[in-house]
Amino acid sequence: MKLASVLAVPLLLEACTPDETIRAYGAGERVWQLSELSGAAFPATATLYFTDRHRIAGDAPCNSYTATMDIPYPWWGTGPIAATRRACPDLALETAFFTALSEATLSSTRDDQLVLSAEDGTPLLVFTPAE
């Protein structure tokens, strides 16, 4: 009984803490599709969505992925990205996507877009709602 009580405390604390990530500021209810990477149209398919508090997931050009994301808005940061290990012709695009996703430090939602930017404000990834 004591062990169950000890294990329940972190879950209760998590439930009482408000979500301060971009998920709670307009990004959490959608699946986002990558439209631009570093200012250029992205020629493959990559998505991002918020599975629950502090987690993101999606499909990259070759693999599905997941990561933690618990940085308060407007900042952005992910934990290590875990992905399946399938090869495909778009593997270089996938690597560029994962690199930009890991390097982004700012987030915003505006005009029906999710934008992840570098520290200086340069957009790295621009997402639009998936259809």
Can you find a pair of side-chain heavy atoms, one from [X] and one from [Y], that are under 4.5 Å apart?
{"X": "L114", "Y": "T109", "answer": "yes"}
{"X": "L48", "Y": "L34", "answer": "no"}
{"X": "P123", "Y": "V115", "answer": "yes"}

Contact summary for [X] and [Y], nearest pair of heavy atoms:
{"X": "A100", "Y": "L124", "result": "O-CD1, 4.0 Å"}
{"X": "I22", "Y": "S108", "result": "CD1-N, 3.6 Å"}
{"X": "P80", "Y": "A67", "result": "O-CB, 3.7 Å"}
{"X": "Q113", "Y": "W32", "result": "C-CZ3, 3.7 Å"}
{"X": "T51", "Y": "A57", "result": "CG2-CB, 3.4 Å"}

With sequence neighbours excluded, residues passing salt bridge (Lys or Arg N to Asp or Glu O under 4.0 Å) with D59: none
Separation of [Y] [atom2] from [X] [atom1] (nearest 0.5 Å):
{"X": "L106", "Y": "S117", "atom1": "CG", "atom2": "OG", "value": "6.0 Å"}
{"X": "D19", "Y": "R53", "atom1": "CG", "atom2": "CZ", "value": "5.0 Å"}
{"X": "E94", "Y": "T45", "atom1": "CD", "atom2": "OG1", "value": "12.0 Å"}
{"X": "H54", "Y": "R23", "atom1": "NE2", "atom2": "CZ", "value": "8.5 Å"}
{"X": "L125", "Y": "S35", "atom1": "CG", "atom2": "OG", "value": "9.5 Å"}
{"X": "L116", "Y": "T105", "atom1": "CG", "atom2": "OG1", "value": "9.5 Å"}

Single-linkage hydrophobic cluster I56~F42, side-chain heavy atoms < 4.5 angstrom: yes
L37 with V126, same ILVMFWY side-chain cluster at under 4.5 Å: no
Donor-acceptor contact present, side-chain S64 to main-chain G58, <3.5 Å: no
Qualifying ring pair (Phe, Tyr, Trp, His ring centres under 6.0 Å) pairs with a residue from residues 111-131, counting only residues at least two apart or across chains: none
Pairs where residues 88-114 contributes a residue and the test ring pair (Phe, Tyr, Trp, His ring centres under 6.0 Å) is met, not counting sequence neighbours: Y65-F97, Y65-F98
Partners passing side chain to side chain contact (heavy atoms under 4.5 Å, CB included) against T95 (at least two apart in sequence or in another chain): T99
For A130, all residues meeting side chain to side chain contact (heavy atoms under 4.5 Å, CB included), sequence neighbours excluded: V31, Q33
Can you name the residues that form a side-chain hydrogen bond (donor to acceptor under 3.5 Å, both in side chains) with [X], not counting sequence neighbours?
{"X": "D90", "value": "none"}
{"X": "D52", "value": "none"}
{"X": "T66", "value": "R55"}
{"X": "T68", "value": "none"}

Please set out all donor-acceptor pairs under 3.5 angstrom arising from side-chain atoms of residues 69-78, sequence neighbours excluded.
{"residue": "W76", "atom": "NE1", "partner": "L101", "partner atom": "O", "Å": "3.3"}

Pairs satisfying disulfide (SG to SG under 2.5 Å), at least one member in residues 88-131, at least two apart: C62-C88
Pair listing, salt bridge (charged side-chain N to carboxylate O under 4.0 Å, His left out) test, anchored in residues 111-122, at least two apart: R30-D112
